[in-house]
Amino acid sequence: MKVLVIDYGMGNLGSVRRAFEECGAEVLTSADSRDVGTAERIVLPGVGAFADGMAHLHAGEWPGRLRTALENPRVQLLGICLGMQLLADTGEEGVRTPGLGLIPGEVRRLEPADANTRVPHVGWNEVISARSDPLLQFIPDGTDFYFVHSYHFRPAAAAHVLGTTPYCGDFASVVGAGNVRGVQFHPEKSSRPGFQVIHNFLAR
């Protein structure tokens, strides 16, 4: 399976690339948005601020080309961490910024439930399945994944929430609509369960 990992200057791409290669994928890491037509699996990773991420994507002419590529139902997109958040309609980190609009919803800051809850949310935490989806196949409910984030994606429709994590109340940690999926955790840093998510994405 050929996978395109989008290089838009936001995040450590090396670990993402290695994880997908270890799962058997042929990986192209590219900063050229014209390469979206070369793969049936596209990965949008990312670490950093929402507004900066969108500015970099627009500078590389990724948004329009991604939407065109996703008109083909065989093409699947996975957003990771910031990449998941960028799938939303808007983000409120700093200045309210339009996102890719691939899954309706908005990105907001995590609100601590009490004085003992820390933001950013860093470390291992569980993912509870909200509905059946191939991305979470063979992964027991309550499995821990590795998180690092201060903002979270609030989908507009409950049907787009595939998994939740109990922190700052509950937040959507896995989202999906059509041929687009997003995970707030880092599968490449989440040991065997994270690699299962990657295998599932490749097999969808």
Side-chain angles (χ1 to χ4, degrees), residues 11-12 15-16 18-20 22-23 25 41 43-50 53 76-88 91-93 99 102-204:
N12 178 12
S15 59
V16 174
R18 286 191 296 274
F20 274 83
E22 288 185 37
C23 291
R41 297 292 183 274
V43 180
L44 178 61
V47 175
F50 190 100
Q76 307 283 327
L77 171 66
L78 177 66
I80 297 173
C81 196
L82 174 63
M84 165 182 159
Q85 296 175 6
L86 296 175
L87 303 176
E92 296 188 351
E93 186 171 0
L102 296 175
I103 300 179
E106 59 186 5
V107 174
R108 291 188 175 182
R109 184 171 176 82
L110 288 169
E111 295 295 337
D114 53 53
N116 297 320
T117 304
R118 296 183 178 182
V119 175
H121 173 215
V122 179
W124 295 83
N125 209 335
E126 60 188 340
V127 171
I128 308 297
S129 176
R131 63 194 67 252
S132 178
D133 190 82
L135 191 67
L136 298 177
Q137 192 173 16
F138 309 122
I139 298 172
D141 222 19
T143 295
D144 284 347
F145 294 86
Y146 188 76
F147 292 84
V148 183
H149 64 116
S150 298
Y151 287 76
H152 67 111
F153 187 170
R154 294 180 55 180
H160 295 157
V161 179
L162 304 181
T164 63
T165 294
Y167 198 83
C168 292
D170 282 335
F171 66 85
S173 50
V174 186
V175 298
N179 50 350
V180 178
R181 295 291 180 273
V183 293
Q184 183 60 67
F185 55 81
H186 287 271
E188 78 280 6
K189 297 180 180 179
S190 296
S191 190
R192 185 173 295 178
F195 277 51
Q196 184 63 59
V197 168
I198 292 172
H199 278 297
N200 290 345
F201 173 65
L202 295 174
R204 286 187 73 238

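When a residue number appears, it is its place in the shown sequence, counting from 1. We use all heavy atoms of the structure for the numbers below, so side chains are in, but hydrogens, waters and symmetry mates are not.
For the atom pair Gln184 CD and Leu82 CG, the distance stands at 8.5 Å (nearest 0.5 Å). To the nearest 0.5 Å, atoms OG1 (Thr117) and CD (Glu111) are separated by 11.5 Å. Taken from CD in Gln196 to OG in Ser190, the straight-line distance is 12.5 Å, to the nearest 0.5 Å. With rounding to the nearest 0.5 Å, the separation of CD in Glu126 from OG1 in Thr143 is 9.0 Å. To the nearest 0.5 Å, atom NE2 of residue His160 and atom CZ of residue Phe153 are 9.0 Å apart.
Relative orientation of the Phe185 and Phe145 rings is parallel, given thresholds of 30° and 60° on the angle between their planes.
Listed for the Gln85 side chain is a donor-acceptor partner under 3.5 Å among the backbone atoms of Tyr151.
Looking at heavy atoms from C-beta onward, Asn125 lies in side-chain contact with Pro166 at the 4.5 angstrom threshold. Put simply, the side chain of Leu77 reaches to within 4.5 Å of the side chain of Leu87, judged on heavy atoms. Side chains of Pro187 and Ile80 form a contact here, defined as non-hydrogen atoms less than 4.5 Å apart. Between Arg181 and Asp133, the closest side-chain pair of non-hydrogen atoms falls below 4.5 Å.
The minimum heavy-atom distance linking Val43 with Phe20 is given by the pair CG2-CZ, 3.5 Å.
A side-chain contact (heavy atoms from CB on, under 4.5 Å) with Val127 holds for exactly one of Asp144, Val183, Thr165; it is Thr165.
In summary, the aromatic rings of Phe171 and His121 are positioned with their centroids under 6.0 Å apart.
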